[in-house]
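For reference, the structure discussed in these notes is given below.
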Amino acid sequence: MKSEMTMAEADIWHPAQQQQLFRSLLDAYSYPGRIQTCPAEPSLALLSALLDGQTTLSDPQDLLPESIWPKLEAQRVPYELAAFILLDGSRAPQMVPNLGTLEAPEHGATLLLRVASLHEESAGALCLQLSGPGIRQSVTISVDGLHADWIKARNDWVSNFPLGVELVLCDAQCFVALPRTTKIVLGGSA
Amino acid sequence: MNAHYELPLEDAGYSFGFLDEYAKKEVRRCILKAISIPGYQTPYASREMPMGRGFGTGGLQLTLSLIGEDDTLKVIDQGSDDSVNAVNLRQFVQLTCPGVDVTEKTQEATLIQSRHRIPEKMLTEEQILVLQVPYPDALVVVEPSEARRKVMHGEADYSRLLVKLYEDVVRFDEITISHRYPTRINGHYVIDPSPIPRWDVPRLHQSPALVLLGAGREKKIYAVPPYTVAEPLVFDDIAFRVEDFRDANGQRIACRCCGSTVSFLDELIDDAGNITHQCSDSTYCEEQQETISARKRA
Ligand SMILES: [Zn+2]
């Protein structure tokens, strides 16, 4: 969805705005598959709401302008060590992120993938049928601009629960969360 | 409460929610991992709060990291909005979170912080329940080493806990745990669901509302996400049972105030020394009484 934003960009660096962004994220994680709208460009807005100097970020494709890094405060680390990773979802995954350990599964990374557009139901190119915690009856969402290998790789990474990763798919205005507990079946609305 | 505490002011003069923004962000990141790994005790760095631990600092840190100006907060302790603890916590949030509304009505609240009870009224998707937890780890009764408990949790190895429960069954003919009944979340982690009665345990199962549990002393946050399986640990031959509120004749005891026969009851001893029963959820009880008097007026 690339239509022009009509409202003024929210100040994503203000604590009150970050609290609201966090609550949208909380809804997204609580009810995976529910597409949340964001008052600013979602991938950056969510990073601003989550990061500080205590956390690590990897941006291997240099998607972030250099000027943003000081504002995010996060430590810049290699992909496989990062708690948060920002990536272009249209490109196939290259490496295995941190999946956490049995004793510390929370160290599994959070991957923010930029995609072209997110759709409720099956209007987009890649259909994802979702079930699991937070989903009362299985739902289908669809995505344009997400390389199908991402879902295959992710399903592999979460196959040994409690190890795994969280995916947050972000288009220009919306985002959706896919925690490691969400079962994702590719291609299905059946 | 510590009267000497001064509220921190941010650079921009923004002060809301008592905790500094870094502390909130840490708790928020921890909450998201806790939801992603249902029932897992996610560690965080607990900040000092201007009240002793045991007064619900774990729950309060969750509440302060969640809350915004649009929220309406309800605080209950032992089922009551009016207990000293509940009043203190509510006043603290009102003082530190200008613009937040407070309520005693369960259905009006967007955030509910509680100790010992889940409200009788069914929660909705628009609500978040925060439970204060004194002892987060269900395995502590069988394994003193936290490092070993972490491995057992990771492997979902609860055989020793089950043996312990079974010893209870053999000795007392039923599982005697009245509170903190070990409950398995999403088929993996077993949690200590805070000191809620068995009565409330089934309400964690497939709850429309997110349930977050916070232990301030142990510095752990864990979650029961919405629409998630929550099963009390049981054996094939012994079913899980909630508290039995029947008298010697097998009649369900009614609340002495509102007459409800479907709520969780507290046992009280009146001035004459007789045992009486009353709803533990005081707001529920008052609403039942209002409904009855409205019906009488009509
Ligand atoms: Zn009553």
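Within every chain, numbering begins at 1; the chains are lettered A, B, ... in the order of the sequence lines, protein sequences first and strands thereafter.
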Toward chain B, the part of A:Glu73 with a non-hydrogen atom under 4.5 Å: side chain
Contact origin within B:Ala230 toward chain A - heavy atom pairs under 4.5 Å: neither
Full working for ring pair (Phe, Tyr, Trp, His ring centres under 6.0 Å) between A:Phe161 and B:His188: CA-CA 9 Å; A:Phe161 185 84; B:His188 191 100; 5.1 Å; yes
Region of B:Lys33 in contact with chain A, defined by heavy-atom distances below 4.5 Å: side chain
Pairs of heavy atoms under 4.5 Å with chain A: top-ranked of B:Gln206, B:His153, B:Glu155: B:Glu155
Contacting region of A:Thr110 [heavy-atom separation from chain B under 4.5 Å]: both
side-chain hydrogen bond (donor to acceptor under 3.5 Å, both in side chains) between B:Asp71 and B:Thr110, intermediate numbers included: CA-CA 6 Å; B:Asp71 278 307; B:Thr110 55; 2.7 Å; yes
A:Ser117 and A:Asp144: side chain donor to acceptor below 3.5 Å: yes
Within-4.5 Å side-chain heavy-atom neighbours: B:His205 and B:Val229: yes
Interface residue of largest heavy-atom contact number with chain A, from B:Gly154, B:Ser36, B:Ser207, under 4.5 Å: B:Ser36
Residue among B:Arg148, B:Lys150, B:Arg149 satisfying side chain to side chain donor-acceptor pair (under 3.5 Å) with B:Glu143: B:Arg148
Residue part contacting chain B, namely of A:Leu51, when any heavy atom lies under 4.5 Å: backbone
Salt-bridge present (A:Glu166, A:Arg154; N to O < 4.0 Å): no
A:Arg180 to A:Trp157, cation-pi by 6.0 Å centre distance and 45° axis angle: no
Audit row: B:Tyr181, B:Phe240, ring pair (Phe, Tyr, Trp, His ring centres under 6.0 Å) steps and yes/no: CA-CA 10 Å; B:Tyr181 195 97; B:Phe240 172 83; 5.0 Å; yes
Structural part of B:Ser65 lying under 4.5 Å from a heavy atom of chain A: backbone
Under 4.5 Å from a heavy atom of chain A, the part of B:Leu32 involved: both
Selection from A:Glu106, A:Gln54, A:Glu103 maximising heavy-atom pairs under 4.5 Å formed with chain B: A:Glu106
Side chain / backbone / both / neither for A:Arg136 at chain B, heavy atoms under 4.5 Å: both
Distance-only side-chain donor-acceptor flag, A:Gln129 / A:Ser131, under 3.5 Å: no
Part of A:Ala49 within contact of chain B (heavy atom distance under 4.5 Å): backbone
Structural part of A:Phe22 lying under 4.5 Å from a heavy atom of chain B: side chain
Atom group of B:Ile67 that falls short of 4.5 Å from chain A, counting heavy atoms: backbone
